[in-house]
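Note sheet for the following structure.
Computed from heavy atoms alone, side chains included, the values below leave out hydrogens, waters and symmetry copies.
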Amino acid sequence: MARARVSLWVICMLRVALATVYFQEEFLDGERWRNRWVQSTNDSQFGHFRVSSGKFYGHKEKDKGLQTTQNSRFYAISASFKPFSNKGKTLVIQYTVKHEQKMDCGGGYIKVFPSDLDQKNLNGKSQYYIMFGPDICGFDIKKVHVILYFKNQYHSNKKQIRCKVDGFTHLYTLILRPDLSYEVKVDGQSIESGSIEYDWNLTSLKKAETPSAESRDWDQVDAGRAQDWEKHFLDAGASKPSDWNSELDGDWLQKPPYQDGLKPEGIDKDVWLHRQMKPAHYLTQYDLSEFENIGAIGLELWQVRSGTIFDNFLITDDEEYAERFGKATWGETKGPEKEMDAIQAKEEVKKAREEDEEELLMGKLRRHDNHFSRFHRQGEL
């Protein structure tokens, strides 16, 4: 049993060692973060960031992150890294965000950009690949954005994914897989998942694509031969023609390709054949979640009330590494953070009570002084 545990540990360590980490930021080196992050100068009214752990935290140093500092401002800042393509690979984007000011209206999301981003001029019109994270405004908007750039357009996930609205730090994770599945996690728990193809309404775009090679080949087949081929392909009672050529016409099918009463009449040949002989690359050829030149991550957002802290940024190709990183950062400090907040809340209640008692006492003293003054004046008279 002990040997099995050791072997499992070795496998886990090997997998983590093989994970590719494209970007990771924890703000643990003081002011050196300014060498990695570029504040946009596109607008002189953009709000400024500082690195802070906030008014309450789980660990004063580990919980330091980029904090917005000015109310009613747009913000724009970014960091670049070595460009990469996620083609054929899993893409994991993860970070933590804390709205300790109890957000009333503003963004807490991040954006992933192509490597040719002009960081100094980052603004709301800068093209991005992915926008992910919470957005809160009033009672109506409390959602997690997952927006993908495809075919020169931005496409939002059609599902309503609810975000956290309290003042604590939360871990947000987006996973895009090469099989066109995706998953959104909050605090390590899966809150939404599904198909990129369908949950972004991209199927309509696919239908407008140029017909596939299989479709074009069908149109080039001799009409008579095609009709004869279809007749025997769909007719279970047909006998093999004497001129059937297996090399040209394929294997003779003794059974119909439909079952349980399903009939091919009225179904387009191309659609029918694709359902029966869908090529392995049918979905992935559309590159619905593949980005060739990922090279920057940033914050481009608006906030009415400032104070949000962004931390523990991670972009990797390994889901397990992201999970371990989340546990080693947010997982270690989430408990102590809530404890510190509870202690501060008690202290504030105590202070407020003491102030009320002091005000009450001062009121009594003032009333006593007034009474004494009136009595003294009456004595003089």
Side-chain angles (χ1 to χ4, degrees), residues 12-13 15-39 48-69 75-82 84 90-100 107-113 119 122 130 132-134 164 167-175 185-188 294-301 306-341:
C12 291
M13 291 299 100
R15 179 170 181 177
V16 170
L18 295 176
T20 301
V21 177
Y22 304 107
F23 181 78
Q24 184 171 306
E25 175 66 85
E26 299 176 69
F27 303 100
L28 298 176
D29 56 353
E31 291 298 304
R32 293 191 183 92
W33 68 272
R34 298 183 184 276
N35 299 325
R36 298 185 295 274
W37 290 81
V38 178
Q39 172 83 40
H48 293 285
F49 290 90
R50 68 182 176 189
V51 165
S52 172
S53 52
K55 298 177 181 179
F56 60 94
Y57 42 79
H59 189 286
K60 188 173 183 178
E61 296 302 320
K62 291 182 179 180
D63 282 347
K64 285 184 176 180
L66 285 178
Q67 184 179 40
T68 56
T69 62
Y75 291 86
I77 194 170
S78 62
S80 62
F81 44 84
K82 184 179 178 180
F84 73 95
T90 294
L91 178 63
V92 184
I93 300 169
Q94 182 171 280
Y95 71 108
T96 58
V97 59
K98 177 173 73 167
H99 297 308
E100 73 172 18
Y109 44 79
I110 63 173
K111 292 182 177 181
V112 175
F113 301 92
Q119 292 181 264
L122 172 61
I130 300 169
F132 169 61
K164 297 290 186 177
F168 297 111
T169 300
H170 293 286
L171 178 71
Y172 284 84
T173 307
L174 172 64
I175 304 170
K185 294 182 178 182
V186 177
D187 296 345
I294 302 173
I297 188 171
L299 306 170
E300 188 284 309
L301 43 82
S306 65
T308 300
I309 298 176
F310 301 85
D311 194 12
N312 302 312
F313 294 92
L314 175 69
I315 301 179
T316 181
D317 65 351
D318 193 282
E319 296 180 44
E320 183 177 333
Y321 180 87
E323 184 177 349
R324 292 169 64 90
F325 180 71
K327 290 180 179 179
T329 52
W330 171 82
E332 292 292 325
T333 62
K334 62 175 181 175
E337 177 186 74
K338 291 183 177 181
E339 292 173 3
M340 184 175 184
D341 178 64

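When each of Phe113, Trp37, Phe23 is paired with Phe81, the ring pair (Phe, Tyr, Trp, His ring centres under 6.0 Å) condition holds for Phe23 and for no other.
Ion pair Arg36/Glu25 flagged as a salt bridge, since at least one NZ, NE, NH1 or NH2 atom sits closer than 4.0 Å to an Asp/Glu carboxylate oxygen. Between Glu100 and Lys55, none of the side-chain N atoms (NZ, or NE/NH1/NH2) sits under 4.0 Å from a carboxylate O, so this pair counts as no salt bridge.
Note that Lys334 lies outside the cation-pi zone of Phe168, set by a 6.0 Å cut-off to the ring centre and a 45° limit from the axis. For the pair Lys98 and Phe56, the cation-pi criterion (under 6.0 Å, within 45° of the ring axis) is fulfilled.
With values rounded to the nearest 0.5 angstrom, Ile297 atom CD1 is found 9.0 Å from Tyr95 atom OH. To the nearest 0.5 angstrom, Lys60 atom NZ is 15.5 Å from Thr333 atom OG1. Separating the CD atom in Glu320 from the CZ atom in Phe325 is a distance of 15.0 Å, to the nearest 0.5 Å. Atoms CD and CD1, on Gln119 and Ile77 in that order, are 9.5 Å from each other to the nearest 0.5 Å. Atom OH of Tyr75 sits about 8.5 Å away from atom CG of Leu301, to the nearest 0.5 Å. Of the inter-residue distances, the one linking Trp330 atom CH2 with Asn312 atom CG reads 11.0 Å to the nearest 0.5 angstrom.
Contact check for Lys64 versus Trp33: no side-chain heavy atoms found under the 4.5 Å cut-off. No side-chain heavy atom of Val112 sits under 4.5 Å from any side-chain heavy atom of Phe132. Side-chain contact check for Phe310 versus Phe27: every heavy-atom pair is 4.5 Å or farther apart.
For Ser306 against Thr69, the heavy-atom pair with the smallest separation is OG-C, 3.3 Å.
Of the possible polar contacts, one joining the Gln67 side chain to the Gly307 backbone as a donor-acceptor pair under 3.5 Å is found. Side-chain N or O atoms of Thr96 include one that pairs as donor or acceptor with a backbone N or O of Asp311 at under 3.5 Å. When atom types are taken as modelled, the side chain of Thr308 and the backbone of Thr68 share no donor-acceptor pair closer than 3.5 angstrom. Checking side-chain atoms of Thr169 against main-chain N and O of Val97 turns up no donor-acceptor pair under 3.5 Å. When atom types are taken as modelled, the side chain of Ser53 and the backbone of Asp63 share no donor-acceptor pair closer than 3.5 angstrom. Asp317 places no side-chain N or O within donor-acceptor distance of the main-chain N or O of Leu91, the cut-off being under 3.5 Å. Panel note: side chain Gln94, backbone Leu314; no donor-acceptor pair is recorded below 3.5 Å.
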Derivation and outcome, side-chain contact (heavy atoms from CB on, under 4.5 Å), residues Ile294 and Tyr22: CA-CA 9 Å; Ile294 302 173; Tyr22 304 107; over 6 Å; no

Derivation and outcome, side-chain contact (heavy atoms from CB on, under 4.5 Å), residues Leu174 and Val92: CA-CA 6 Å; Leu174 172 64; Val92 184; over 6 Å; no

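Ring orientation note: the planes of His170 and Tyr172 are nearly perpendicular, at an angle over 60° on the 30°/60° scale.
Applying the 6.0 Å contact sphere to NZ of Lys164 captures no more than 12 heavy atoms from other residues, nucleotides or ligands.
For the residue pair Thr329 and Glu26, no side-chain donor N or O sits within less than 3.5 Å of a side-chain acceptor on the partner.
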